[in-house]
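Residue numbers start from 1 in every chain, and the chains themselves are labelled A, B, ... in the order their sequence lines are given, proteins ahead of strands.
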Amino acid sequence: MRLSQFFLPTLKETPAEAQIASHRLMLRAGMIRQQSAGIYAWLPLGLRVLNKVEAIVREEQNRAGVVEMLMPTIQSADLWRESGRYDDYGKEMLRITDRHERDLLFGPTNEEMITDIVRSFVKSYKQLPLNLYHIQWKFRDEVRPRFGVMRGREFLMKDAYSFDLDEASARVSYNKQFLAYLRTYARLGLKAIPMKADTGPIGGDLSHEFIILAETGESQVFCDKDWLDLDVLDKAPKSAEELQSFVDWATGFYAATEEKHDEVACPVPAERLHSARGIEVGHIFYFGEKYSTPMKATVTQADGAVAPLHMGSYGVGVSRLLGAIIEASHDEAGIIWPEAVAPYHAGIITMKAGDAASDAKAMEVYDALTAKGIDVLYDDRDERAGVKFADMDLIGLPWQIIIGPRGLEKGVIELKNRRTGQRDELSVADALARLGA
RNA sequence: CGGAGUGUAGCUUAGCCUGGUAAAGCGCUUGCUUCGGGAGCAAGAGAGCGGAGGUUCGAAUCCUCUCACUCCGACCA
């Protein structure tokens with residue numbers, strides 16, 4: 001993409017409403033624009049990242065054997081009356097009335113709807129287990145939206161639901177998601193730590209929050225330092241037994257949120273205890289028959305008896321993840337995208353506008369990269385070098401290719417790594433090779 | 001939902017206390033000079049001060065109502 005033909009409204013000054021780094025940087029980098037409290041338009045650069053994050057979440061769900069579908073944003077209040085949550089949910093639920101005076105709502109989550117769908121088609125234990133997910137916009141009318149996409153009212157969420165015959169089987173579904181979550185965050189370049197979460201009235205050990213560490217996190221968390229060095233991407237359990245031992249292993253390290261942390265009872269010695277701020281980016285939960293019983297989602301078992309389904313739900317805040325990634329990866333100059341989600345792999349800057357040799361070389365590099373399928377953003381604007389550098393640092397592409405008359409005289413161009421700041425003078429061929437072209 | 005606060009040009013803000021008919025920087029337009037880390041000079045365009053009502057000879061400034069947004073607290077992917 002040539003920047004002159006793109007739409008990248010970067011801001012030099014920080015809009016007054018932005019308090020935290022990710023919000024400030026997303027606004028300044030021209031990724032989002034607030035349209036109402038907690039509601040954002042996704043501008044082209046932001047959408048590219050959102051799509052990349054979404055794609056990784058989707059790939060890992062698919063890898064775990066979860067099947068994608070898509071449910072509507074608008075739901076009928078009747079389903080929620082069945083589960084009893086229509087009255088319980090409170091003002092967080094955006095309630096809508098249509099022209100026929102029917103009560104509708106903008107879905108804050110989809111347990112009721114998915115339960116309705118499954119109960120109408122699944123009648124036999126032979127159809128289980130069933131694992132479904134969708135990635136859809138949700139709306140929760142938060143009293144106080146803030147921090148940009150980190151706590152918006154409208155947000156994109158991946159929510160998966162598992163249906164099993166019994167708790168033992170549900171545990172396998174749960175474990176699959178547990179692994180998928182760790183894989184997903186690792187691929188996003190995040191260190192996410194599963195922490196035991198409140199299981200509510202169901203009890204048991206099947207609920208975890210996934211928390212990433214970032215200075216501006218909303219809550220204090222504690223974990224075993226050993227967690228910080230783990231690599232989960234090399235783990236590939238094949239059987240249910242291997243999967244269970246993986247989960248046992250992964251949950252064996254100490255990790256607790258502030259509310260659950262007890263300095264005295266903590267099994268990890270102080271020198272190995274890591275304390276940091278955390279942001280919740282996912283939550284998985286087994287809730288058994290909570291919805292299947294009131295909504296009569298039952299199957300016939302092998303012995304002919306009829307029993308309610310055992311369910312679990314698994315959420316990832318996709319849009320929130322963008323904020324979380326930036327919180328975990330930025331500096332004074334701007335965003336530093338992990339390569340897996342960067343809106344473009346590299347950016348090209350020409351130092352001297354109107355210099356024919358530079359422009360020609362830039363196009364040569366641009367074409368070579370594009371031909372190899374590498375996304376590249378070429379800043380071909382008639383701007384001064386400083387402006388281009390500042391914008392390129394701000395939007396945080398992993399690599400910057402700097403082309404100017406001085407270098408060309410020596411037959412080199414510069415390759416700058418956004419994260420390390422390291423700059424190397426290389427021949428075009430070497431630079432392209434470094435970028436994988 | 002309780003408490004606090006802010007709405008003035010595209011953005012960041014000054015002006016409001018002590019009413020006299022809107023100011024600056026950035027951005028934008030044009031020209032010239034520049035061009036290796038957010039250029040310089042010059043000339044321009046652009047707001048009637050969130051909205052409605054009121055007080056007054058006169059309101060961005062005072063009063064009332066209303067809307068929006070932000071911050072602190074309780075709550076959440």
Given the C1' atoms of B:G19 and B:C57, what is the spacing between them in whole Å? 12 Å
Considering only the P atoms, how many Å lie between B:U64 and B:C17, rounded to the nearest integer? 15 Å
A:Glu54/A:Lys158 ion pair, N-O < 4.0 Å: no
Presence of donor-acceptor pair under 3.5 Å, side chain of A:Arg381 and base of B:G38: no
Between A:Arg140 and B:C75, is there a contact of a side-chain N or O with OP1 or OP2 at under 4.0 Å? no
Near RNA chain B, under 4.0 Å by heavy atom, which residues of residues 336-356 of chain A? A:Met351, A:Lys352
Members of residues 274-281 of chain A that approach RNA chain B, where some heavy atom sits under 4.0 Å away: A:Glu280, A:Val281
Considering only B:G38, B:A74, B:G36, which nucleotide approaches the side chain of A:Arg144 most closely? B:A74
Check whether any side-chain N or O of A:Gln19 sits under 4.0 Å from OP1 or OP2 of B:C72, and answer yes or no. no
So, under a plain 3.5 Å distance rule, would you say the side chain of A:Arg384 forms a donor-acceptor pair with the base of B:U34? yes
Of all the nucleotides listed (B:G36, B:C71, B:C1), which has the minimum atom distance to the side chain of A:Val143? B:C1
May I ask you to check whether A:Tyr89 and A:Trp80 place their ring centers less than 6.0 Å from one another? yes
Can you tell me the Watson-Crick or wobble partner of B:G44, both distances under 3.5 angstrom? B:C28
Relative to A:Tyr344, does A:Arg48 satisfy both conditions: NZ or CZ under 6.0 angstrom from the six-membered ring centre, and within 45 degrees of the ring's axis? yes
In terms of base orientation, is B:G51 syn or anti, with the syn window spanning 90° either side of 0? anti
If I pick the C1' atom on B:G36 and the same atom on B:A42, what distance separates them, to the nearest angstrom? 27 Å
Looking only at atom C1', what distance separates B:C26 and B:C63, rounded to whole Å? 36 Å
Going by the ring pair (Phe, Tyr, Trp, His ring centres under 6.0 Å) test, name the single residue among A:Tyr185, A:Tyr286, A:Trp249, A:Phe210 that passes it with A:Phe178. A:Phe210
Charged tip of A:Arg81 within 45° of A:Tyr86 ring normal and under 6.0 Å: yes
With rounding to the closest Å, how many angstrom separate the P atoms on B:G50 and B:C69? 16 Å
Quick one: look up who B:C1 pairs with, Watson-Crick or G-U, both distances under 3.5 Å, and put none if it's unpaired. B:G73
Check if the side chain of A:Arg28 and the base of B:G38 share a donor-acceptor pair of N or O atoms closer than 3.5 Å. yes
Does A:Lys388 have a side-chain nitrogen or oxygen under 4.0 Å from the phosphate oxygens OP1 or OP2 of B:G38? no
Check RNA chain B against residues 3-18 of chain A and give the residues with a non-hydrogen atom under 4.0 Å, in numerical order. A:Lys12, A:Glu13, A:Thr14, A:Pro15, A:Ala16, A:Glu17
Whole-angstrom distance between B:A22 and B:G38, as gauged at atom C1': 29 Å
